[in-house]
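Notes for the one structure printed next.
First listed ligand is number 1; within each ligand, the first listed atom is number 1.
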Amino acid sequence: MNGTAPLILAHGGAGSRSITSEQQELLGAALRVGYHLLDRGAPAATAVEQTIRVLERSGRFNAGLGARLQLDGGRRMDASIMEGKNLQAGAVASIEDIVHPITAARLVMEETNHVLLVGPMATVFANHFKLERQRSPALRRRVPYGALLKRTKPISSRHGTVGAVAVDRFGTVAAGASTGGIARMLPGRVGDTPLIGCGVYADNRAGAVSMTGIGEGIIRIAAAKAICDRLAGGAVPIDSARQVLKMLVARIQGSAGSLVVTPAARFAIVHVTPYMAAGWWNGKGEPVVGDRFERVSIPTSR
Ligand code: ASP
């Protein structure tokens with residue numbers, strides 16, 4: 001093993017609500033799971049997956065058992081994972097009926113030559129690997145499509161999506177994320193979370209990034225890759241994230257938060273929103289968990 005000191009970061013979403021004490025405890029527990037794996041020499045992608053599984057299983061975040069419903073009552077979830085050594089990635093979008101979409105994403109990365117599986121066939125894939133199932137909610141079949149369409153605006157931002165980034169003992173970074181999406185989504189809506197370069201990115205020559213916030217904005221600036229490009233150009237994590245989040249606000253009035261880590265274990269947690277439920281741990285003392293980190297201020301006039 002070489003000398004990199006491992007580090008894990010996790011988040012439970014960015015938005016206008018402060019973290020609950022239960023969420024705080026869960027994030028701390030999830031960070032412990034991830035860090036102990038890293039400490040024993042596990043790859044960063046394993047730590048990221050297992051950290052996210054704790055949050056998906058809790059039902060206290062907008063992912064896995066707690067994933068929110070789309071306007072027709074369907075629970076369609078998105079997740080992705082990427083590792084920075086070989087730029088391997090896997091993702092699922094609009095997957096249904098399973099507890100751990102992050103594990104489905106990891107299986108896409110490890111068991112197929114593909115990057116992204118979507119919809120019912122993503123669910124078939126997960127079932128093939130016997131991933132744990134959850135009950136599907138009843139669909140609201142009677143609501144006319146025009147009525148659904150009217151209910152999609154404005155999009156509001158709330159806590160709950162989960163994500164993690166890590167660096168392992170070998171200096172490899174990884175990033176992952178899992179979500180039930182945003183409030184008032186049309187059936188079939190997919191956000192940034194399963195899109196490599198938007199919701200997550202990881203490259204050992206730059207770092208690993210996991211985004212949260214309104215996916216429509218994050219997609220339009222390919223935020224995770226934009227932050228990694230700045231890291232690769234020599235900027236430190238906090239400046240890389242700040243620059244991209246500032247651009248997100250200035251250009252398209254977006255709203256987001258990000259976790260960033262480099263192979264040298266430099267890191268930043270930066271958000272535009274009033275709160276971001278997040279934390280980090282390097283094995284020393286207790287995991288640090290809170291809901292206010294580096295805040296990018298929103299200009300009042302443009
Ligand atoms: N980014 C997620 C999405 O747009 C939501 C979130 O992070 O809260 O689906």
### Query
Heavy atom of G13 under 4.0 Å from ligand 1?
no
### Query
Within 45 degrees of the axis of the six-membered ring of Y275 and under 6.0 Å from its centre: does R292 put its NZ or CZ there?
yes
### Query
What part of D78, side chain from CB on, backbone N/CA/C/O, both or neither, has a heavy atom under 4.0 Å from ligand 1?
neither
### Query
Does at least one non-hydrogen atom of G160 fall below 4.0 angstrom from an atom of ligand 1?
no
### Message
With a cutoff of 4.0 Å, is R189 in contact with ligand 1, counting heavy atoms of the residue only?
### Response
yes
### Proximal ligand 1 atoms for D192, defined as those under 4.0 Å from one of its heavy atoms
1 (N), 2 (C), 3 (C), 4 (O)
### Message
Show the atoms of ligand 1 that are less than 4.0 angstrom away from any heavy atom in T193.
### Response
1 (N), 2 (C)
### Query
What pairs meet the ring pair (Phe, Tyr, Trp, His ring centres under 6.0 Å) rule with one or both residues in residues 68-127, with sequence neighbours excluded?
F125-F129
### Contact check, side chains of R53 and R106, non-hydrogen atoms, under 4.5 Å
no
### Per-atom contacts, ligand 1 versus I182 - under 4.0 Å to a heavy atom
3 (C), 4 (O), 5 (C)
### Message
Exactly one of R76, R184, R140 should register a side chain to side chain contact (heavy atoms under 4.5 Å, CB included) with Q70. Which one does?
### Response
R76
### Message
Could you check, using the six-membered ring where one of them is a Trp, whether H36 and W281 have ring centers closer than 6.0 angstrom?
### Response
yes
### Task
Could you list the atoms of ligand 1 found under 4.0 angstrom from a heavy atom of T212?
6 (C), 7 (O), 8 (O)
